[in-house]
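Note sheet for the following structure.
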Amino acid sequence: MNYEDFDMDGLDKDVQFDAFLELLKEKSEISSVMIINPERIKIMKKAFLGLQQLVLSETPDAKIICGIHESNNSVGYIMIETDEIIVRDIKTFLSSMEFASNFEIYPIKNNLIRFSIMFYGVMTEIK
């Protein structure tokens, strides 16, 4: 399995996040001793489901990816690639983003934009 990204296009929303959790499990088995932080995972799942609902309702062909940062196993991310981002439900957007550690929006090739949301501390190293 590729640990950099897990492409979830075409998967049911529950299957998508379960696949991300499986990625975390596999990632934790091969790196230094890391444990999953359940509180941060709950927060990230809430954000994922909220953003998925918002984005796909306006732009059904958007690509949504969950992953673990390749150089820092404690950072999870949600990445959305689409041609436009329209947010009509500000309350859902704000509650999805409330506990994110960082986010950025920037243009990429093929006239698309990338919306990246980072969540620090999804895994914690045991020392």
Side-chain angles (χ1 to χ4, degrees):
M1 177 175 287
N2 181 349
Y3 296 116
E4 295 173 6
D5 293 328
F6 191 85
D7 187 352
M8 296 191 259
D9 286 346
L11 296 178
D12 176 83
K13 66 182 177 184
D14 291 327
V15 172
Q16 289 178 4
F17 207 81
D18 289 344
F20 171 69
L21 292 176
E22 184 64 29
L23 172 68
L24 282 178
K25 179 182 173 207
E26 290 180 23
K27 184 83 167 171
S28 68
E29 291 172 357
I30 65 165
S31 33
S32 60
V33 180
M34 304 283 285
I35 60 170
I36 295 172
N37 180 338
E39 290 304 314
R40 288 300 283 167
I41 294 298
K42 287 178 192 173
I43 289 167
M44 190 171 168
K45 182 175 184 179
K46 177 183 176 188
F48 172 78
L49 294 174
L51 291 168
Q52 181 184 51
Q53 173 190 346
L54 289 172
V55 171
L56 295 180
S57 68
E58 295 293 330
T59 317
D61 60 338
K63 182 177 180 182
I64 302 176
I65 300 168
C66 275
I68 296 291
H69 195 278
E70 63 187 53
S71 64
N72 186 340
N73 292 344
S74 69
V75 178
Y77 63 83
I78 300 167
M79 186 169 35
I80 301 166
E81 293 181 358
T82 184
D83 58 350
E84 64 182 349
I85 295 177
I86 300 171
V87 176
R88 298 190 191 280
D89 182 352
I90 297 300
K91 287 183 181 180
T92 299
F93 178 76
L94 291 176
S95 70
S96 297
M97 298 297 296
E98 181 178 11
F99 297 107
S101 302
N102 188 23
F103 77 93
E104 28 187 54
I105 302 173
Y106 50 92
I108 58 174
K109 63 183 177 180
N110 299 325
N111 293 323
L112 297 175
I113 54 176
R114 180 175 290 156
F115 181 20
S116 297
I117 307 99
M118 279 66 71
F119 295 85
Y120 303 159
V122 296
M123 293 180 70
T124 304
E125 185 173 4
I126 303 290
K127 295 182 182 192

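Keep in mind the model is a prediction, meaning the values are calculated, not measured.
A heavy-atom distance below 4.5 Å is found between the side chains of Leu51 and Ile80. The side-chain heavy atoms of Phe119 and Ile78, taken from C-beta on, include a pair separated by under 4.5 Å. Residues Met118 and Glu104 are in side-chain contact: their nearest non-hydrogen atoms beyond the backbone lie under 4.5 Å apart. Inter-residue side-chain proximity for Tyr120 and Asn102 is flagged as met; some heavy-atom pair is nearer than 4.5 Å. Counting heavy atoms from C-beta on, the side chains of Phe115 and Val55 never come closer than 4.5 Å. A heavy-atom distance below 4.5 Å is found between the side chains of Asp83 and Leu112. Between Asp61 and Thr59, some side-chain heavy-atom pair lies under the 4.5 Å cut-off.
Grouping the Ile, Leu, Val, Met, Phe, Trp and Tyr side chains by contacts below 4.5 angstrom, directly or via other members, places Met97 with Ile90.
Nearest heavy atom pair, residue Phe99 against residue Arg40, reads O-NH1, 3.0 Å. Between Ser74 and Met123, the shortest heavy-atom contact is CB-O, 3.1 Å. Listed here is the closest heavy atom pair of Gly76 and Val122: N-CG2, 3.5 Å. Contact detail for Ala100 and Ile117: the closest heavy-atom pair is CB-CG2, 3.5 Å. Of all heavy-atom pairs between Ser96 and Ala47, the closest is O-CB, 3.0 Å.
Taken from CG in Leu56 to OG1 in Thr82, the straight-line distance is 8.5 Å, to the nearest 0.5 Å. Atoms CG and CE, on Asn37 and Met44 in that order, are 12.0 Å from each other to the nearest 0.5 Å. The distance from atom CD1 of Ile108 to atom CD of Glu81, rounded to the nearest 0.5 Å, is 3.5 Å. Taking CD1 from Ile105 and CD1 from Ile113, the interatomic distance works out to 6.5 Å, rounded to the nearest 0.5 Å.
Applying the salt bridge (charged side-chain N to carboxylate O under 4.0 Å, His left out) criterion to Glu84, with sequence neighbours excluded, gives no partner residue. Residues passing the salt bridge (charged side-chain N to carboxylate O under 4.0 Å, His left out) test with Lys46, sequence neighbours excluded: none.
Residues near Ile86 contribute nothing to a hydrophobic cluster around it, because no ILVMFWY side-chain heavy atom sits closer than 4.5 Å to its side chain.
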